[in-house]
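Atoms within each ligand, like the ligands themselves, are counted from 1 in listed order. Computed from a predicted model, the values in this text were never measured in an experiment.
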Amino acid sequence: MASNLEAFEEARKYIAGGVNSPVRAFRAVGDTPLFFASGYGSKVTDIEGHEYIDYVGSWGPHILGHASEPVITAITRAARSSTSFGAPTVSETVLARLIVEALPGVDRVRLTNSGTEATMSALRLARGFTGRSLVVKFAGCYHGHVDSLLVAAGSGALTLGNPDSKGVSDAVAQETIVLPYNDVGAIEHAFQKYGDRIAATIIEPVAGNMGVIPPVRGYLESVAAITNEAGAVFIMDEVMTGFRVAWGGAQRLLEHKPDLTVLGKVIGGGMPLAAFGGRADIMAALAPDGPVYQAGTLSGNPVAVSAGIAALTQLRNNPGIYRRLEVLSARLEHGLRTGAARCGVPVYLARCGSMLTLFFQDGPVRNLADAKRSDTKRFALFHKIMREQGHYLPPSQFEAWFVSNAHTFKDIDATIDAAERAFAEL
Ligand SMILES: *Cc1c(COP(=O)(O)O)cnc(C)c1O
């Protein structure tokens, strides 16, 4: 049996960087990746046979845990009736209806294969609908690897953006305005300056991609009001939060209805499936009804859709799942805080439902600049000690941990105990 390191060396011969998505490489914690063989419930097992309690959950989709029985049954049944037609199936409508009924801001939906594709399409739709080109995003929010969203703030507070990756052209970057999160003044100024050229504002309603950062009270409402006042489209990227923080997502939890919503992760039950949707009049601008082109050979794939239906049906029929996730996650939060305090390690823990981040700093953490003040070396050491004790955390300070309904109180308490031992060693 190959070791993780041998598997990585072999992978590097054939796969660029040895991984199919960069965060998997473990560079942020100064290490090399684990290769997984199996997962069941709250646990995953690597190819060396080590078992871990998993807080990554495939970066969010596994709210029911790995290999959840209803999901696996649905996938198997669907696959036996062909993996793809490239033509409509009734199950797509079933999934679409579940989404429309759950999300206040979604009248119509379109299914895609990845969150990246869905945000890209939502932006094109917003541009087509408004006839404008600029987009506002927030530093530290991630919306997939779409060119116009891989953009960093320009040098001045209100300048247009700079490419945040080689290969993104200056021309594309200059169509994006990047602002600090949780700062109403910044968005007011941006709209004063560029308001009549802005097609959309896109935001994570609870940020999860710079670590978890909830919006301050009234912030989303202000962003939406300023956006709509200027005739621009307000887009909530709920790829992470949708069906994660609540049935119906952050928009239901925070009681704010966006014009467009982007979904992914949980809605695919661990299969490649995402979606964007929103107001009927905006969605009507999509081809074939309207002039905005969007398509996909495998969009609405029947196997992925069957997994999504199974996962969402479980969540809809068992509202107790969200209550249980809250109790488990609150217990984890409390245990981590107490353990760190007892060992004199400064931490700031941010949580929304079953997504949380333990920042290695005093806080408060309200935006990317705050998040960056964390002690990433300390996090890397903590990550390693946790892994050695059988707890698999996201391999970066700036990511969310996810608790699933498959986690038990015993799992959570084991993680709290392990964390206290880790804090003592830091
Ligand atoms: C994960 C994520 C995406 C990108 O989704 P992919 O399926 O990885 O392309 C977009 N937005 C948010 C908020 C995400 O968390």
Side-chain angles (χ1 to χ4, degrees), residues 19-25 55-63 103 105 110-124 126 135-151 164-165 176 178 181 200-215 220 223 234-246 249-251 253-254 258 260-278 294 296 298-301 304-305 307-308 311 350 352-357 368 371 394-396 398-402:
V19 289
N20 286 308
S21 194
V23 71
R24 297 180 195 172
Y55 292 93
V56 179
S58 187
W59 302 93
H62 287 315
I63 195 165
L103 290 158
R110 179 73 55 94
L111 304 179
T112 66
N113 303 290
S114 72
T116 297
E117 208 190 325
T119 54
M120 179 186 82
S121 305
L123 288 189
R124 183 182 305 141
V135 167
V136 172
K137 84 173 282 281
F138 299 89
C141 284
Y142 176 69
H143 307 288
H145 60 100
V146 179
D147 275 20
S148 64
L149 295 172
L150 282 182
V151 173
D164 203 19
S165 161
T176 306
V178 184
Y181 196 76
T201 301
I202 184 165
I203 192 165
E204 287 181 73
V206 176
N209 285 291
M210 46 183 154
V212 172
I213 302 184
L220 288 178
V223 172
F234 179 60
I235 307 174
M236 272 194 193
D237 180 349
E238 293 227 47
V239 171
M240 187 183 290
T241 54
F243 298 96
R244 162 61 63 180
V245 298
Q251 57 194 263
L253 190 72
L254 304 169
L260 290 179
T261 299
V262 189
L263 295 164
K265 299 192 171 123
V266 171
I267 67 159
M271 294 290 284
L273 193 154
F276 65 102
Q294 190 274 339
L298 292 177
S299 293
N301 173 266
V305 162
C352 179
S354 56
M355 48 191 268
L356 62 96
T357 296
L368 182 63
S396 160
F398 307 107
E399 299 287 353
W401 310 16
F402 298 102

Please identify each residue that fulfils side chain to side chain donor-acceptor pair (under 3.5 Å) with Tyr55, with sequence neighbours left out. Thr415

The side chain to side chain contact (heavy atoms under 4.5 Å, CB included) partners of Pro61 (sequence neighbours excluded) come to Ser58, Lys265

Which residues satisfy the side chain to side chain contact (heavy atoms under 4.5 Å, CB included) test with Arg110, sequence neighbours excluded? Phe276, Met283, Leu286, Pro288, Gln294

Closest heavy-atom contact between Asp237 and Thr241? O-OG1, 4.3 Å

Tabulating one pair per line, provide the atom names and distances (0.1 Å) for every N/O atom of ligand 1 that is less than 3.5 Å from a protein N/O atom.
from	atom 1	to	atom 2	distance (Å)
ligand 1	7 (O)	Gly115	N	2.8
ligand 1	9 (O)	Gly115	N	3.4
ligand 1	9 (O)	Thr116	N	2.7
ligand 1	9 (O)	Thr116	OG1	2.6
ligand 1	11 (N)	Tyr142	O	3.2
ligand 1	11 (N)	Asp237	OD1	3.3
ligand 1	11 (N)	Asp237	OD2	2.7
ligand 1	15 (O)	Asn209	ND2	3.1
ligand 1	15 (O)	Lys265	NZ	2.6

Value for CZ (Phe138) from CD1 (Ile202), rounded to nearest 0.5 Å, stands at 10.0 Å

Can you tell me if Thr261 and Gln251 form a side-chain donor-acceptor pair at under 3.5 Å? yes

